[in-house]
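As structure tokens, the structure follows; a few thoughts come after it.
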Amino acid sequence: MSYILALDQGTTSSRAMLFDRAGAVVAQVSQEFAQIFPQPGWVEHDAREIWSTQLEVAKKCLKMMPNKAADQSIRARTATDSIASTFPISAIGITNQRETTVLWDRKTGQPVANAIVWQDRRTAGRCDELARAGHTGMIQRKTGLVLDAYFSATKLQWLLDNVPGAREKAEKGELAFGTIDSWLVWNLTQGSVHVTDVSNASRTMLFNLHTLQWDDELLGLFNIPRGVLPEVVASSGVVGATNAELLGTAIPIAGIAGDQQAATFGQVCFEPGMAKNTYGTGCFMLMNTGSKPVVSKNKLLTTVGWQLDAKAKVKPQATYCLEGSVFMGGATIQWLRDGLQIIQSAADVQPLAASVPDTGDVYLVPAFAGMGTPHWDPYARGALLGMTRGTTRAHIARAALEAIALQSADVFRAMSLDAGLPLKALRVDGGASKNDLLMQMQADFSGVVVVRPKVLEATALGAAYLAGLAVGFWASCDELAALWKIDKIFEPKISADERKAKLARWYKAVGQAGHWVES
Ligand code: ADP
């Protein structure tokens with residue numbers, strides 16, 4: 001028996017999972033780590049803790065490997081060099097929270113500051129400045145991204161300008177920048193490999209979607225010295241091997257992709273027009289648009305999905321996606337639990353919400369961290385509207401679930417408009433997609449058939465698939481597509497008129513939450 005080890009470094013936890021040849025999870029370990037909020041709107045992680053938790057869960061996961069023979073081969077590793085060939089882990093695939101920015105010292109391997117997390121809004125003012133100077137169009141054309149503090153470029157510029165001595169060191173080539181994938185590969189190879197894959201690179205706002213290279217004009221605009229950048233590699237392909245001391249033997253690192261692109265791959269959305277929505281902390285909908293980047297007319301992002309042909313020397317082909325990002329998805333339910341304390345665990349939300357037939361016209365706009373697609377309003381804030389004396393926590397819980405589905409419905413609408421045709425089905429995954437009521441709301445509000453597969457850990461699965469393809473663990477995308485199995489299908493049950501009325505109320509509520517804080 002052999003397996004693929006997926007490292008899934010998320011926003012709130014580091015996870016490791018082992019997948020077998022059938023694409024089933026055979027072992028799984030996760031560990032949360034600290035969220036650091038130094039000021040309102042700022043979100044940081046300690047990159048050293050990201051690495052230590054990730055290594056820890058990987059080690060624990062290997063200990064949980066089902067077959068005893070596997071354990072023996074780990075123990076026997078020092079006895080002979082040939083163990084690597086009998087080692088039960090064929091390759092490692094990495095997937096990660098995207099955009100989060102780490103800057104570290106190449107010599108010491110230590111970060112020069114905390115990582116600035118994708119949710120961090122500290123550079124919103126810098127983005128406004130760039131917009132006023134007229135750079136929005138050029139940035140969108142080259143990167144496919146909306147000029148927003150969400151992406152890495154302004155975060156990296158902030159670190160270079162605000163960490164004492166950073167810029168001078170960077171100019172001398174002494175610092176390395178990376179998103180979390182780069183940081184993990186650097187540590188797994190003990191500083192010998194500094195790379196990022198195309199999908200992660202495409203979220204930095206420094207990467208040209210069309211040439212698949214770092215872009216000098218963008219580097220100039222954000223004042224980023226080229227010497228800090230990682231080499232860009234394909235999403236599927238061996239980039240190096242782990243240092244043998246870390247996990248028992250040198251294991252090939254063979255797949256890298258940002259979490260949402262990995263989930264799209266894990267949902268085997270291999271054909272243009274296929275789309276998935278992941279319901280995790282945020283909700284992220286991606287649609288495969290094939291081998292050409294499609295410019296959105298409806299405020300979606302254009303992004304690289306993945307690139308498989310690692311060895312292609314001439315203009316490597318990538319698969320592109322359109323993406324919509326909702327910042328508060330399952331995190332809205334965490335807020336019911338931790339902020340309002342009206343539920344004890346996330347799973348409680350479904351029975352509570354189902355105890356009332358509707359929200360009683362209550363709407364929650366969970367713009368706690370601004371709003372993403374299609375509003376792109378960093379100054380929006382949360383709003384709870386329409387309450388009366390009859391409003392109970394059940395109505396609020398139901399409104400919270402509806403808010404997740406309604407925000408995703410907005411993204412779905414933008415995607416259908418960009419695609420120029422109604423999408424036939426939406427594949428779903430992520431922790432909150434377990435919630436049947438939420439999935440039914442999604443089918444109702446989007447007027448689309450929602451399809452939930454058996455394996456909901458599509459993100460880790462996608463990373464495993466990318467790595468497994470590179471080392472021949474799986475032979476082809478067709479083989480992967482055949483592994484995908486349906487758990488449950490949700491059909492729309494409300495009429496087009498009811499849907500229209502519901503969305504109209506929602507848009508009215510969203511209007512109330514917009515532009516709330518001053519820039
Ligand atoms: P991430 O990968 O972003 O950490 P997960 O895919 O693990 O997220 O999903 C966890 C999220 O799903 C949490 O925000 C949690 O509140 C939410 N969640 C978990 N179970 C449910 C449920 N039954 N109903 C609604 N939301 C849920």
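When a ligand or atom number is given, it counts from 1 through the structure's own listing order. Model, not experiment: these values are computed from the prediction.
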Is [X] close enough to touch ligand 1? Criterion: a residue heavy atom under 4.0 Å from a ligand atom.
{"X": "Thr11", "answer": "no"}
{"X": "Thr12", "answer": "yes"}
{"X": "Glu457", "answer": "no"}
{"X": "Ala331", "answer": "yes"}
{"X": "Ala347", "answer": "yes"}
{"X": "Gln334", "answer": "yes"}

Without hydrogens or angle criteria, can the side chains of [X] and [Y] be said to hold a donor-acceptor pair below 3.5 Å?
{"X": "Asp418", "Y": "Ser296", "result": "yes"}
{"X": "Asp259", "Y": "Thr95", "result": "no"}
{"X": "Ser14", "Y": "Gln9", "result": "yes"}
{"X": "Lys276", "Y": "Gln260", "result": "yes"}
{"X": "Gln267", "Y": "Thr264", "result": "no"}
{"X": "Ser152", "Y": "Arg203", "result": "no"}

Between His194 and Trp104 (judged by ring centroids, cut-off 6.0 Å), do the two rings come close enough to count as a pair? yes
Of all the non-hydrogen atoms in the protein, which one sits nearest to [atom], and at what distance?
{"atom": "atom 3 (O) of ligand 1", "value": "Thr281 OG1, 2.6 Å"}
{"atom": "atom 8 (O) of ligand 1", "value": "Gly280 CA, 3.4 Å"}
{"atom": "atom 25 (C) of ligand 1", "value": "Asn435 ND2, 3.6 Å"}
{"atom": "atom 10 (C) of ligand 1", "value": "Gly431 CA, 4.2 Å"}
{"atom": "atom 26 (N) of ligand 1", "value": "Ala432 CB, 3.3 Å"}
{"atom": "atom 2 (O) of ligand 1", "value": "Arg15 NH2, 2.6 Å"}

Short question: side chain of Lys485, backbone of Ala482 - any donor-acceptor pair under 3.5 Å? yes
Once you measure the plane-to-plane angle for Phe270 and Phe265, does it fall in the parallel (<30°), tilted (30-60°) or perpendicular (>60°) bin? tilted
Run down the list Gly430, Ala346, Ala397 and name the one with the heavy atom closest to atom 22 (C) of ligand 1. Ala346
Only heavy atoms of Ile333, strictly under 4.0 Å: list the atoms of ligand 1 that pass. 16 (O), 25 (C), 26 (N)
Going by the order shown, which atoms of ligand 1 are within less than 4.0 Å of some heavy atom of Val349? 24 (N), 25 (C)
Do Arg122 and Trp42 meet the cation-pi criteria used here (NZ or CZ under 6.0 Å from the six-membered ring centre, within 45° of the axis)? yes
Taking distance alone, with no angle check, do Gly330 and ligand 1 share an N/O pair under 3.5 Å? yes
